[in-house]
Amino acid sequence: MADQVQMTEVPVVDVPNVVPQAQKPPVVTVVAAKEPPMIPESDEQPDESVEALETKKSDAVTNGAAAAADDNEKVPQSGSYKEESTRVADLIDNEKKAVEQLKVLVGEALDKHEFFGSAIPQQQQQQEPKPEEEAETKDQSPQEESIDQVESGDTKEKAIEDDGAKTVEAIEDTVVPASSSVQPEQPPEAKADAVSEDQGKDANKVFPQEISIWGIPLLADERSDVILLKFLRARDFKVKEAFAMLQNTIRWRKEFGIDELVEQDLGDDLDKVVFMHGSDKQGHPVCYNVFGEFQNKELYQKTFSDEDKRQNFLRWRIQFLEKSIRKLDFSPGGICTIVQINDLKNSPGLTKWELRQATKQALQLLQDNYPEFVARQVFINVPWWYLAVNKMISPFLTQRTRSKFVFAGPSKTAETLLRYIAAEQVPVKYGGLSKDGEFATTDAVIEENVKPAVKHTVEFPVTEACYLTWEVRVVGWDVSYGAEFMPSGEDSYTIIIQKSKKVGCSEEEVVCNNFKAGEPGKVVLTIDNPTSKKKKLLYRLKTMPTSD
């Protein structure tokens, strides 16, 4: 994370795919019964002004409502986005060149200590005489000579003798035997002086800045290339713009105190609002943003009632994202993006001014400082008014951005999530089997389709005495479910494990059964689907040998 949050943010901000900093995201006010969370920012900011968008708002909402009324389940599906490679070797030539150019700019900035906008620290240097002092020294020299000349005769003669002796010695020192090329060894005192002089030079030497972002030191290894690629892609491989964005991000991180923030304890009041849970089928961590949690008046007031609380929420959201991002793999080819699931069920309405303010602040920071951290944006439990807003905004988004968006109405939520995330990784509340209990997310779930108006059976072979445990779920249920054990022996009787029973569509529960088999045979599950719709069946099994 940011990735970016960035995402449709807030109440619970998503990881943004950055918008150019020079432009501001359009503020859209929807005249409807409810106001949607902010639309995830695009990789490219719309060129049209806010005023122009406002003029189209009314028609878009009206048309969107009419379309939703015709068929509430015809939710636009996209998700055709294919994530780009994070290996420099896979880039095309002009992109490789951009990476190298950005590395040069970053290297120069590190050498000159320019990332925080300050000059290279002044190094302590040996004090040199000022011009006035030099002039004064020159003026005093002739006076000293005249004083020497006034000395007594003996002293003067001695000075002459000393000078003569020094002259002779100096001449002798300059005479070097032709056969000798070895320099005389310096006395220990001279060596010590030389070492001291070298150390002084090292002390005055200016070393490059060492700067890390999301725990990765810039230009230290290949992981840094992956980070630079994020900034380049956020600015369409315009090197100077990407460098400016990187520099601004580093300065903001220092001013905001990101490294200190990560270590702080900000509480767990919002753990149900934003949380990480499992990974998708490609291995991306999945972040859930549950907007409906802010219908809790106590939580809402505690989070947004004044500016200090909104700032605390902002710090909490950024801390959450930072911790999530630092768990990503920034090595070339690694997983360094996040899948965002935005649950719009019971989203707060138009009157939540405080929430809009917090959202606006968070979204701007995420757009500016967390580029290219979203692999896919999935919107679930989407109401008609949100589709109207998306219809209005969509023409101004790039194809690349639109391809990351996936929308699902309430009855298609589980089906849509299971398309991208394995059932054992999807929380039970969203149609999967992930929950606390006997099974873990490492226990794979088998998915099968139950055709309309048929009885579908699943068999678990039993070859020896054992203890069996299984979980079953039919997405949407509205079918009958039963289980029985059929022994292999001719003289044995079938044992009813669970009598056939209709499970309503509103229950959305997971059925858990267990059975102790004392002889070979098979456990048979029966799903009777009397409806005209195809159903998704999910199940998994565990067996444990017994001594009986």
To check you understand the geometry: which heavy-atom pair defines the closest contact between [X] and [Y], and what is its length?
| X | Y | answer |
| --- | --- | --- |
| Gly432 | Val510 | O-CG2, 4.2 Å |
| Thr86 | Val226 | O-CG2, 3.7 Å |
| Lys323 | Gln264 | NZ-O, 4.5 Å |
| Met245 | Ala234 | SD-CB, 4.1 Å |
| Asp90 | Ser85 | OD2-OG, 2.7 Å |
| Leu418 | Gly431 | CD1-O, 4.4 Å |

Quick check on the 6.0 Å ring-centre criterion: do Tyr288 and Tyr430 meet it?
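Yes, the ring of Tyr288 comes within the 6.0 Å limit of the ring of Tyr430, centre to centre.
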Phe275 ring center near Phe320 ring center (under 6.0 Å):
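No.
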Give a yes or no on whether Asn449 atom CG has more than 12 heavy-atom contacts from other residues, nucleotides or ligands under 6.0 Å away.
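Atom CG in Asn449 is crowded, with more than 12 foreign heavy atoms closer than 6.0 Å.
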Surrounding NZ of Lys272 (heavy atoms of other residues, nucleotides or ligands, distance under 6.0 Å), is the total greater than 12?
no
Would you sort out whether Leu417 and Ile380 count as a side-chain contact (heavy atoms from CB on, under 4.5 Å), showing the intermediate values?
CA-CA 8 Å; Leu417 290 180; Ile380 58 176; 4.0 Å; yes
So, do [X] and [Y] sit near enough that their side-chain heavy atoms are less than 4.5 Å apart?
| X | Y | answer |
| --- | --- | --- |
| Ile335 | Gln282 | no |
| Thr249 | Ile213 | yes |
| Cys336 | Asp329 | no |
| Lys516 | Leu468 | no |
| Ile341 | Asn289 | no |
| Val474 | Ile527 | yes |
| Thr526 | His456 | no |
| Glu322 | Ile318 | yes |

Between Phe231 and Trp214, how do the two ring planes meet: parallel, tilted or perpendicular, split at 30° and 60°?
parallel
For the pair Phe407 and Phe405, name the ring-plane relationship: parallel under 30°, tilted 30 to 60°, perpendicular over 60°.
perpendicular
Would a distance-only check, ignoring hydrogens and angles, find a side-chain to backbone donor-acceptor pair under 3.5 Å from [X] to [Y]?
| X | Y | answer |
| --- | --- | --- |
| Tyr420 | Val339 | no |
| Ser492 | Pro487 | no |
| Asp306 | Lys309 | yes |
| Asp368 | Leu365 | no |
| Gln498 | Ala483 | no |

Are side-chain N/O atoms of [X] and [Y] paired as donor and acceptor at under 3.5 Å?
| X | Y | result |
| --- | --- | --- |
| Asn346 | Gln295 | no |
| Ser434 | His277 | yes |
| Asp280 | Gln425 | no |
| Asp528 | Ser480 | no |
| Gln311 | Gln361 | yes |

Whether [Y] and [X] form a salt bridge (side-chain N of Lys/Arg under 4.0 Å from carboxylate O of Asp/Glu) is what I want to check.
| X | Y | result |
| --- | --- | --- |
| Glu263 | Arg326 | no |
| Glu471 | Arg540 | yes |
| Lys302 | Asp308 | no |
| Arg235 | Glu372 | no |
| Glu83 | Lys404 | no |

Hey, could you give me the [atom1]/[atom2] distance between [X] and [Y], rounded to the nearest 0.5 Å?
| X | Y | atom1 | atom2 | result |
| --- | --- | --- | --- | --- |
| Ile446 | Leu433 | CD1 | CG | 11.5 Å |
| Asp343 | Glu293 | CG | CD | 9.0 Å |
| Asn312 | Phe304 | CG | CZ | 11.5 Å |
| Lys230 | Glu84 | NZ | CD | 10.0 Å |

Might you work through the side-chain contact (heavy atoms from CB on, under 4.5 Å) test for Thr303 and Glu354, ending with a clear yes or no?
CA-CA 9 Å; Thr303 308; Glu354 301 87 356; over 6 Å; no
Steps toward side-chain contact (heavy atoms from CB on, under 4.5 Å) verdict (Thr469, Leu541)
CA-CA 6 Å; Thr469 301; Leu541 169 73; 6.0 Å; no
Kindly indicate whether a cation-pi arrangement holds for [X] with [Y], taking the cut-offs as under 6.0 Å to the six-membered ring centre and within 45° of the axis.
| X | Y | answer |
| --- | --- | --- |
| Lys542 | Phe439 | yes |
| Arg315 | Phe256 | yes |
| Lys522 | Phe485 | no |

Between Tyr467 and Phe515, does a ring-ring contact (aromatic ring centres under 6.0 Å, His included) hold up when you go through it step by step?
CA-CA 6 Å; Tyr467 188 82; Phe515 179 72; 8.8 Å; no
In this structure, which one of Thr543, Leu525, Asn514, Val511 forms a side-chain contact (heavy atoms from CB on, under 4.5 Å) with Trp470?
Leu525
Given Tyr386 and Asn342, is the side chain to side chain donor-acceptor pair (under 3.5 Å) satisfied, shown in steps?
CA-CA 12 Å; Tyr386 195 87; Asn342 305 288; over 6 Å; no
Name every donor-acceptor pair, under 3.5 Å, that has one atom in a side chain of residues 529-537 and the other anywhere in the protein, sequence neighbours excluded.
{"from": "Asn529", "atom 1": "OD1", "to": "Thr531", "atom 2": "N", "distance (Å)": "3.2"}
{"from": "Asn529", "atom 1": "OD1", "to": "Thr531", "atom 2": "OG1", "distance (Å)": "2.6"}
{"from": "Asn529", "atom 1": "ND2", "to": "Lys451", "atom 2": "O", "distance (Å)": "3.1"}
{"from": "Asn529", "atom 1": "ND2", "to": "Lys533", "atom 2": "O", "distance (Å)": "2.9"}
{"from": "Thr531", "atom 1": "OG1", "to": "Lys533", "atom 2": "N", "distance (Å)": "3.3"}
{"from": "Thr531", "atom 1": "OG1", "to": "Lys533", "atom 2": "O", "distance (Å)": "3.3"}
{"from": "Lys535", "atom 1": "NZ", "to": "Trp477", "atom 2": "O", "distance (Å)": "3.2"}

Going through the checks in order, is the side chain to side chain donor-acceptor pair (under 3.5 Å) test met by Glu519 and Ser488?
CA-CA 8 Å; Glu519 58 181 314; Ser488 300; over 6 Å; no
As a quick check of understanding, evaluate side-chain contact (heavy atoms from CB on, under 4.5 Å) for Val523 and Ile497, giving each step before the final call.
CA-CA 9 Å; Val523 171; Ile497 300 173; 4.0 Å; yes
For Tyr539 and Glu448: C-alpha separation, side-chain torsions, deciding distance, then whether side chain to side chain donor-acceptor pair (under 3.5 Å) applies.
CA-CA 9 Å; Tyr539 65 90; Glu448 295 182 4; 2.7 Å; yes
